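Accompanying notes for the structure given below.
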Number of protein chains: 2
Amino acid sequence: MGASLGEGERRKTAGSALARQQILRPGEASGRVIVLRQGWALRSAITSDGRRQVLSILLPGDIAGGEFLMRDKVRVPVQSLTPVEYCSFDVTYLKEIAGENPAFIWTFVDLCLSSKEASEARLIDLGRRNAEQRLARLILDLHRRLREKGLSNGATIPFPLRQQTVADALGLTQVHVSRVIRSLRQSRILQIRSGQLTILDMDALMATAEFYET
Amino acid sequence: MGASLGEGERRKTAGSALARQQILRPGEASGRVIVLRQGWALRSAITSDGRRQVLSILLPGDIAGGEFLMRDKVRVPVQSLTPVEYCSFDVTYLKEIAGENPAFIWTFVDLCLSSKEASEARLIDLGRRNAEQRLARLILDLHRRLREKGLSNGATIPFPLRQQTVADALGLTQVHVSRVIRSLRQSRILQIRSGQLTILDMDALMATAEFYET
DNA sequence: GCGTGTTTATAACGTAAGTTAAAAACTGAT
DNA sequence: ATCAGTTTTTAACTTACGTTATAAACACGC
């Protein structure tokens with residue numbers, strides 16, 4: 001991406017990164033909205049005492065850096081979890097498009113509402129559900145999203161998350177996540193092997209998740 | 001609001017309610033965005049086992065029912081906490097305005113991003129902070145918002161929340177909220193009397209909240 | 001295959017927060 | 001002022017999850 005690139009080429013660019021790379025750093029002002037094409041990524045926050053809270057897990061098709069639409073600095077760091085490919089769009093370019101085609105903006109409102117709903121659902125999990133329910137719901141959520149994106153059809157999904165990452169998403173410790181996974185494994189509800197998670201007993205998983213209500 | 005009202009009058013309507021009334025019921029399809037004018041209200045969810053999680057506390061000027069912009073059903077119930085006054089706008093009317101003045105839509109994107117940021121901040125609280133920190137941060141958040149709205153200037157703010165409500169917001173029990181409040185009271189950090197909360201030692205409160213980082 | 005670093009498993013123990021219960025303090029209506 | 005209903009306080013006891021530590025299982029470069 002040298003200085004010789006024309007305006008046009010900067011509007012949409014492609015990128016990639018290895019696993020565990022910072023893609024957006026807080027404070028940075030990239031001014032670009034990123035759409036993940038391949039791989040998994042994380043939006044997370046670090047508290048002052050060094051603990052981490054994962055805010056959302058990004059799958060192919062998901063958006064990062066949406067705050068640039070109205071803000072000028074990155075608020076939430078984004079990092080790759082697996083090797084990733086993504087494309088990024090200049091915000092001023094997106095706003096130009098929106099200026100010509102106002103209906104386009106409603107897409108952003110929709111995306112924004114959806115991600116707000118998702119984070120409020122997580123809020124309910126952390127506030128009012130125990131560790132087993134939280135894990136079951138995380139797995140069912142990933143399973144549903146991967147299925148919707150055509151990245152999984154059966155009961156098996158890719159699962160590149162370390163236990164520490166799961167813990168940071170669920171507000172637990174790695175040790176306790178290990179305990180809960182063992183419990184679900186021993187109940188023949190699920191199985192995790194070589195980066196793949198298999199749901200052995202969907203009914204039981206949904207029962208522990210209390211999945212009937214949002 | 002009889003059937004004889006003309007179209008024009010339905011676009012913007014005023015309303016009021018006593019304390020503890022349901023203003024928006026889940027499943028309902030009111031198609032109206034509500035702006036709170038006076039009083040406090042709550043957006044909350046009930047889990048299948050009957051526990052409650054408060055998703056946000058609405059102060060005068062805040063918006064409820066924003067999901068109607070893109071959805072057709074109420075997802076999150078809203079109830080008044082004190083007597084309230086509000087006005088409501090028909091969503092199709094808002095979209096008309098937006099059609100004539102596209103920049104207006106960006107306002108919604110902005111509002112939506114802000115409330116998403118707020119709920120992600122709460123997510124960090126519930127996932128990674130203890131009861132004392134959560135309460136301190138809730139109080140500082142309310143203090144800041146009331147100050148910004150000109151509804152409080154000094155160290156005293158109106159505080160119409162029951163301990164059970166605070167508990168439902170922080171993912172705790174009422175009993176534990178009582179314990180934490182006692183601890184802060186005994187440390188001469190704050191005082192709650194007749195619906196008013198006074199911050200006696202702001203530095204100490206900010207220290208317990210670890211307020212320097214978001 | 002071997003060594004190094006990372007991740008997971010398990011155990012023993014600690015604690016913040018939950019549960020239950022009962023008394024005390026409010027609140028508002030009459 | 002009195003009463004009924006609600007909210008808060010406090011205490012005793014329980015528990016889900018955290019902490020610390022160590023061993024086992026993986027992963028991967030040479």
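In what follows, chains carry the letters A, B, and so on, assigned in the order in which the sequence lines appear, proteins first and then strands, with residues in each chain numbered from 1. In this text the structure is predicted, and so the values were computed from the model without any measurement.
Whole-Å rounding puts the Arg162(A) CZ to dA9(C) P distance at 11 Å. In this entry the distance linking CD of Gln163(B) with P of dG18(C) reads 13 Å, nearest Å. In this structure, Arg128(B) places its CZ atom 11 Å from C1' of dG18(D), rounding to the nearest Å. Counting to the nearest Å, the C1' atom of dA17(C) and the CG atom of Leu135(B) are 14 Å from each other. Separating the CZ atom of Arg51(A) from the C1' atom of dT19(D) is a distance of 11 Å, rounded to the nearest angstrom. One interatomic measurement links the two molecules: CG of Leu126(A) to P of dG18(D), which rounds to 11 Å at whole-angstrom precision. Rounded to an integer number of Å, the gap from Asp125(A) CG to dC17(D) P is 13 Å. Taking atom CD of Glu132(A) as the reference point, atom P of dC17(D) lies 9 Å away to the nearest angstrom.
Pairs engaging residues 164-175 of chain B under the salt bridge (Lys or Arg N to Asp or Glu O under 4.0 Å) rule: Arg128(A)-Asp168(B), Arg52(B)-Asp168(B) [sequence neighbours left out]. The list of salt bridge (Lys or Arg N to Asp or Glu O under 4.0 Å) pairs with a residue in residues 38-51 of chain B, not counting sequence neighbours, reads Glu120(A)-Arg43(B).
No salt bridge links Glu28(A) with Lys73(A); every basic N to acidic carboxylate O contact stays at or beyond 4.0 Å.
The heavy-atom pair separating Pro158(A) from Leu151(A) by the smallest distance is CD-O, 4.1 Å. Contact between Leu205(A) and Ala136(A) at its shortest, heavy atoms only, is CD1-CB, 3.7 Å. When all heavy atoms of Gln22(A) and Pro77(A) are compared, the closest pair comes out as NE2-CB, 4.0 Å.
Between its opening and closing five pairs, the helix from dG1(C)-dC30(D) to dT30(C)-dA1(D) changes axis direction by 50°, a value rounded to 10 degrees.
Judged purely by atom type and a 3.5 angstrom limit, Arg11(A) has no side-chain atom pairing as donor or acceptor with the backbone of Phe89(A). Remark: side-chain polar atoms of Ser152(A) are paired, donor with acceptor, to backbone N or O of Thr156(A) under 3.5 angstrom. Between the side chain of Arg134(B) and the backbone N or O of Arg129(B) there is at least one donor-acceptor pair closer than 3.5 Å.
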Below 3.5 Å between N/O atoms, which protein atoms pair up with nucleotides 23-30 of chain D? Just atom names and distances, please.
none

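Put simply, Arg20(B) has a side-chain N or O that comes within less than 4.0 Å of OP1 or OP2 on dT7(D).
Residues Gln174(A) and Gln163(A) bring a donor and an acceptor atom of their side chains to less than 3.5 Å of each other.
Listed in residue order, the members of residues 164-188 of chain A having a heavy atom less than 4.0 Å from DNA chain C are Val175(A), Ser178(A), Arg179(A), Arg182(A), Arg185(A).
Contacts of Asp62(A) classified as side-chain contact (heavy atoms from CB on, under 4.5 Å), with partners at least two apart in sequence or in another chain: Leu58(A), Leu59(A), Arg145(A), Lys149(A).
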